[in-house]
Amino acid sequence: AEAQAREEMARSRGRPMVGLGVGWEREDLDMPEDGVMAMVEVSIPLYRDAYRAEARAAREGRTAAQRQLEAERLRAGMLVRRAQRARAQADQAQRVADDVTTRVDAEIVALRSQMAAGGAMGGRDILMRLFDRLDARSQARIAAINARAEADTMAAELWRFIPITQTERP
């Protein structure tokens, strides 16, 4: 809208202008009557090419502003799609983490019962496997948390485009 107004203003400066005015004047307090003046002003632009160039520059500025707006819309659309993909990946990572946790918890129960049944024999090996399973469970949970954080970051990036969507009404 601003670029269009600039273009109209540049075009109007290249057209002839007419001004009308009325004034009064009193030079001396001893004068019995006031002097009334009528004024007419005519402005004819002589350098029409300069005004046309200014109008062309304003028109090009409007085109550039429209292209910039379209680029911002495309960027916003790209970020929306990225945020949707990140959200889907976070959901998938959470499902994997839940599956791994369920499987690892069952393995931990089995390892504990082996430790209880076996006594000291093979206890170190079972203990190392137990720690390995706990580590696998933690890694799956960390991956799910990182995926959720990435999805939330992508969604937060979308807030940069709120002013465009609120002010731009096609």
Side-chain angles (χ1 to χ4, degrees), residues 1-15 45 47-170:
E2 182 182 340
Q4 187 174 1
R6 268 188 254 153
E7 182 181 352
E8 288 297 322
M9 182 65 91
R11 251 191 258 130
S12 70
R13 281 192 217 127
R15 296 183 187 124
Y47 303 104
R48 307 255 323 156
D49 289 339
Y51 294 114
R52 278 193 283 269
E54 189 178 339
R56 272 193 311 272
R59 191 170 37 255
E60 294 300 323
R62 184 178 70 183
T63 302
Q66 288 170 339
R67 287 185 181 150
Q68 185 177 13
L69 179 63
E70 184 60 29
E72 290 297 316
R73 283 184 180 153
L74 289 174
R75 263 189 230 111
M78 180 186 67
L79 282 176
V80 166
R81 289 187 297 280
R82 276 187 189 173
Q84 290 170 339
R85 280 193 309 270
R87 185 75 53 184
Q89 288 172 346
D91 292 342
Q92 178 66 27
Q94 187 62 52
R95 284 191 296 274
V96 168
D98 292 344
D99 291 346
V100 167
T101 299
T102 303
R103 185 173 43 86
V104 167
D105 286 346
E107 291 176 17
I108 289 172
V109 168
L111 287 171
R112 284 184 180 158
S113 64
Q114 280 181 354
M115 281 182 75
M121 297 235 355
R124 184 172 186 211
D125 183 45
I126 293 172
L127 189 60
M128 292 306 289
R129 287 177 29 206
L130 180 65
F131 286 142
D132 188 41
R133 298 293 66 204
L134 289 171
D135 187 46
R137 183 173 66 182
S138 296
Q139 290 299 321
R141 287 180 177 170
I142 289 170
I145 290 169
N146 286 339
R148 183 62 60 197
E150 180 69 22
D152 290 344
T153 301
M154 288 290 170
E157 279 292 309
L158 295 175
W159 285 101
R160 292 186 316 123
F161 293 95
I162 292 297
I164 290 175
T165 57
Q166 285 180 347
T167 59
E168 184 61 28
R169 303 280 181 205

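Heads up: numbering here begins at 1 and tracks the sequence. None of the values given here were measured: they were computed from a predicted structure. Every heavy atom of this structure was used, including side-chain atoms; hydrogens, water molecules and symmetry mates were not.
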Requested in this report: State which residues pass side-chain hydrogen bond (donor to acceptor under 3.5 Å, both in side chains) with E150; sequence neighbours excluded, sorted by chain then number.
Outcome: none

**Report entry** R112: side-chain hydrogen bond (donor to acceptor under 3.5 Å, both in side chains) partners, not counting sequence neighbours
**Finding:** none

Do you know which two heavy atoms are closest between [X] and [Y], and how far apart they sit?
X    : Y    : result
V104 : L134 : CG1-N, 4.5 Å
Q89  : A147 : O-CB, 4.4 Å
V100 : A136 : CG1-O, 4.0 Å
A97  : A144 : CB-CB, 3.9 Å

To the nearest 0.5 angstrom, please state how far the [atom1] atom of [X] sits from the [atom2] atom of [Y].
X    : Y    : atom1 : atom2 : result
T63  : R56  : OG1   : CZ    : 13.0 Å
T153 : R82  : OG1   : CZ    : 12.5 Å
L74  : L69  : CG    : CG    : 10.0 Å
E72  : L79  : CD    : CG    : 9.5 Å
E157 : M78  : CD    : CE    : 9.5 Å
I126 : F131 : CD1   : CZ    : 13.0 Å

Report task. Examine distances only and state if a side-chain atom of R81 and a backbone atom of G77 form a donor-acceptor pair shorter than 3.5 Å. Result -> yes

What residues form a salt bridge (Lys or Arg N to Asp or Glu O under 4.0 Å) with [X], not counting sequence neighbours?
X    : answer
D152 : R87
E107 : R103, R133
D105 : R137
D91  : R148

Report task. May I ask you to check whether over 12 heavy atoms, not counting those of Q68, lie within 6.0 Å of atom CD? Result -> no

